[in-house]
Amino acid sequence: MTDWGTLAEQRLRDLSAISEPGPGVTRRPFTAEHRAAIDYLSDWMRQVGLTVTLDDAGTLVGRLDGPDGTGTLYTGSHQDSVREGGAYDGIMGVALPILALEKLREDGVHLPFAVEVLAFADEEGIRFPTALIGPRALAGTFDARVLDLKDNTGVTLRTALERFGLQPDNIPTLARAPETAIGFLETHIEQGPVLEAENEALGVVSTICGIERHQVTVYGRTGHAGTLPMQGRKDALVAAATLVTALNRLASETVDLRATVGELHVEPNVVNAVPREVRLTAEIRSPDDTVRESAGHALHRIVSKVAETLGLPIDVTRTYFQIAEPCDPEMIKTLCDSVREAGGRGPVLPSGATHDASAMAALCPIAMLFVRCREGVSHDPSEHASAADMGQAVEAIADFLARRSARAGP
Ligand code: HGY
Ligand code: MN
Ligand code: MN
């Protein structure tokens, strides 16, 4: 009996070593680390009998052909990581489906449709101020304007793709035909504490949350920290702190709402000068788009009130949003059956993190399989999924593919 969990652990250990120096895993898109990761995955995919290609959006595609004229079931996740991230986020969702195809081959199961295992280049968006170019290319929703966006060294996404040996102008041709896209299954570490609290190895996602991000700039007036009277100061950081507290209170008091100020930059940022300007990002998430949108409007009202009360100008602009994406009810049901077949209870839960599946939803029905995350810690070197849980996930994915075969095509 093959120990799929131990095999998963070994593969992910190999892959986690493909990283920039430092704690945890740092693997950014279109870098030497990205190239090394896809070389490793390509060899492994070929060993399993997959046809391997790298598309012009940087997505590695491992294809197992099906009978002529049948559709394709897509699966996979992202190869990239956050800075000093964990060994499971994203890449586990590429490794486990490959093992599931190994298992089906070992069991002599032939699927009546094609399967493509996808390793997307960039889901985290930590190098360029955009993300999801791989799934958006396949879904036909790619916006070519992002090719001009620059990383912090001034390299455009277009140049990064070309230096990686790709032809960005071909990206629009990558769109898949919806009529032959059976669905997209993404396996991902939960990145939260729910499955551990419920003592469950696996969970099935109901909805992937929506997100919006706002850029806030507070304009104060600097001055000497010792000589400037407290009365009448225009301290930009005091105003920003008022904003942060008010936004945190709003989210703490609203069901299904999360709000985070993750970035904050102070100018001139010296110990003995009153802060002149503060730039911060406010991110709002919810599985319910109306909750998210009203929180976004509330943020703008809070900004106006603080600006008026403290008497200093504050700019706020929404810079990004994506809607909540419900998973396909039929695929949820099938995946719950597969999780139960693999020994779990099949809990269903929302995803507070976004995923490649969020973008694939524009192409085809989506489903997500969550794997228990130790202490709910992710985006951190200590992120961990156990071999036993990953073994159960391989069983569930293989069962899901086999069970999906039992039904007619797309
Ligand atoms: O931000 C997210 O939810 C994802 O980890 N990129
Ligand atoms: Mn992540
Ligand atoms: Mn991820």
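None of the values given here were measured: they were computed from a predicted structure. Order of listing sets the numbers, starting from 1, for every ligand and every atom in it.
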query = For the Mn ion (ligand 2), what is the closest N, O or S atom on H379?
reply = NE2
task = Run the ring-centre check on Y74 versus F184 and record whether the distance is less than 6.0 Å.
result = no
remark   = A correct count of protein N/O/S atoms found below 2.8 Å of the Mn ion (ligand 3) gives 3
inquiry  = Please check whether Q191 reaches ligand 1 - meaning an N/O of the residue sits under 3.5 Å from an N/O of the ligand, judged on distance alone.
reply    = no
remark   = For residues 295-309, the side-chain hydrogen bond (donor to acceptor under 3.5 Å, both in side chains) pairs (sequence neighbours left out) are H214-H300
Enumerated ligand 1 atoms positioned under 4.0 Å from heavy atoms of T354 = 2 (C), 3 (O), 4 (C)
key: Donor-acceptor side-chain pairing of R374 and S386 below 3.5 angstrom   = no
query = Do NZ/NE/NH1/NH2 and the carboxylate oxygens of E116 and R176 come within less than 4.0 Å?
reply = yes
inquiry  = Distance under 4.0 Å to a non-hydrogen atom of A353: what atoms of ligand 1 satisfy this?
reply    = 3 (O)
note = When distances are taken from atom 4 (C) of ligand 1, the protein heavy atom at minimum range is E123 OE2, 3.4 Å
inquiry  = Within the 3.5 Å criterion, strictly below it, is a donor on D151 or T153 matched to an acceptor on the partner's side chain?
reply    = yes
inquiry  = Is H355 close enough to touch ligand 1? Criterion: a residue heavy atom under 4.0 Å from a ligand atom.
reply    = no
What donor-acceptor contacts under 3.5 angstrom involve side-chain atoms of residues 351-365, with partners at least two apart or in another chain?
{"from": "S351", "atom 1": "OG", "to": "A353", "atom 2": "N", "distance (Å)": "3.3"}
{"from": "S351", "atom 1": "OG", "to": "A353", "atom 2": "O", "distance (Å)": "2.6"}
{"from": "S351", "atom 1": "OG", "to": "H355", "atom 2": "NE2", "distance (Å)": "3.0"}
{"from": "H355", "atom 1": "NE2", "to": "A353", "atom 2": "O", "distance (Å)": "3.4"}
{"from": "D356", "atom 1": "OD2", "to": "H78", "atom 2": "N", "distance (Å)": "3.2"}
{"from": "S358", "atom 1": "OG", "to": "H355", "atom 2": "N", "distance (Å)": "3.2"}
{"from": "S358", "atom 1": "OG", "to": "H355", "atom 2": "O", "distance (Å)": "2.8"}

query = Which of the listed options, R285, H188, H379, E124, holds the heavy atom that is closest to atom 2 (C) of ligand 1?
reply = R285
ask   = Counting distance only, does the side-chain N/O of R27 pair as donor-acceptor with the main-chain N or O of I18 below 3.5 Å?
value = yes
ask   = Are the side chain of Q79 and the backbone N or O of A121 linked by a donor-acceptor pair below 3.5 Å?
value = yes
Can you give me every donor-acceptor pair (side chain of residues 249-262, partner residue at least two apart or in another chain, under 3.5 Å) with its distance?
{"from": "S252", "atom 1": "OG", "to": "N248", "atom 2": "O", "distance (Å)": "2.6"}
{"from": "S252", "atom 1": "OG", "to": "N248", "atom 2": "OD1", "distance (Å)": "3.4"}
{"from": "T254", "atom 1": "OG1", "to": "L250", "atom 2": "O", "distance (Å)": "2.6"}

query = Do ligand 1 and D89 have nitrogen or oxygen atoms that lie under 3.5 Å from each other?
reply = no
Carboxylate-amine/guanidinium contact E283 R285, below 4.0 Å = yes
